[in-house]
Amino acid sequence: MSKNGNGGLSPIRHHNFCAGPAALPTAVLERARDELLDYHGLGLSVMEMSHRAAEYVAIAEKAESDLRELLAIPANYKVLFTQGGATQQFAAVPFNLLGAGGRANFVTTGIWSNKALAEADHLFGDSRVAASSEANGHVAVPRPRDIVLSDDAAYLHYTANETIGGLEFDYIPDARRPDGSDVPLVCDLSSSILSGPLDVSKFGVIYAGAQKNIGPAGLVVVIVRDDLLDRARDDMPSLFSYQALSDAGSMINTPATYSWYLAGLVFEWLKDDIGGLGAMDIINQRKADKLYAAIDASDFYSNPIAPLNRSRMNVPFVLADSRLDKRFLAESEAAGLLNLKGHRSVGGMRASLYNAVPEAAVNALVDFMADFEQRNG
Ligand SMILES: *Cc1c(COP(=O)(O)O)cnc(C)c1O
């Protein structure tokens, strides 16, 4: 892939700060375009291949092995490429982990973790809050000592990065009952997976919808420790079953073939063009630091999150005078800075700085913000 694919603003591609489905690397889209009509001389598109064809199986296996390499996923973990969005995992996780009884414990830090809790509670009742940032208005995550599991905890679920609130954990929680025994740690990593290195061995289950940092919508990646495959409830829909998905190589039925292929191109881009997750981490830190510094340097813009827990991927901010919101959005869009409108539940602005958003986009945004303030402040 071309080195400059993630560089400056191309004449036809604007800077896209969408929270999801989100920006994809230009180099990935260029390669997909080049392979679209005729994949490697086979005379057909990846979209038109049988998922059982040797060529497609090779694409799928390469994607998995590249993801394993990027995240250094230990051999005792299964990697599943499934569907239904992260939201389906809100149900699949309790179905897969509550077969031996016990209660699901949750750390709630905003909208997504509360939705995960609500779904488990709707299905099986008895979900329990082990810690919450509700009392502080979700501006700082609970500290490690504040996370207290129940004696009958079956697992602990948390959301590493709250995409809407812009609140991110600065540590990996310990999942231990009061008697000191371990339970599986389950993480919704939808909006921060692959933003930097991660110690996968600390987790029982990781899941992530693709449309933020992996690829196009339609695909969910699940990483599950293999000793957890025998804890499923008998009444589980077969498509939810981590054991069945694993046995079938994620092909119980037709998978999201094209999304899986594009995810594979993104993994190759991370490895070959970016240089791995260590390099990605440094770029992401620089991008986020730049934007938060611009917000903090001005009375015109503000972000309420405690510095330790400010999300690197999703940066919400408000204008001191919300009457200027409409003008800010119209002018930023005209300047080629797309999708800066905040989530409907929060208002204001949100700039999502996922892996595929180049540093040049952040520079352009910071320049626009300074200029807008000068003209309207
Ligand atoms: C986007 C998102 C979801 C929901 O994803 P869907 O694929 O739309 O179900 C869940 N959790 C987090 C943290 C997200 O960012």
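Counting starts at 1 for both ligands and their atoms, following the listed order. Throughout, residue positions are numbered sequentially from 1 according to the sequence presented. Note that these values count all heavy atoms, side chains included, but never hydrogens, waters or copies made by symmetry.
For the pair K212 and W112, the cation-pi criterion (under 6.0 Å, within 45° of the ring axis) is fulfilled.
A heavy-atom cutoff of 4.0 Å around ligand 1 is satisfied by the protein residues G85, A86, T87, F90, W112, T159, N161, T163, D188, S190, S191, Q211, K212.
As a member of the Ile/Leu/Val/Met/Phe/Trp/Tyr network built from side-chain separations under 4.5 Å, M313 groups with Y354.
Taking the six-membered ring for Trp, F106 and Y158 have ring centres at least 6.0 Å apart.
Taking R177 as the reference, nothing meets the salt bridge (Lys or Arg N to Asp or Glu O under 4.0 Å) condition, with sequence neighbours excluded. Every residue two or more places apart in sequence or in another chain was checked for a salt bridge (Lys or Arg N to Asp or Glu O under 4.0 Å) with R231, and none qualifies.
L353 and I164 are assigned to two separate hydrophobic clusters, defined by single-linkage of ILVMFWY side chains at heavy-atom distances under 4.5 Å.
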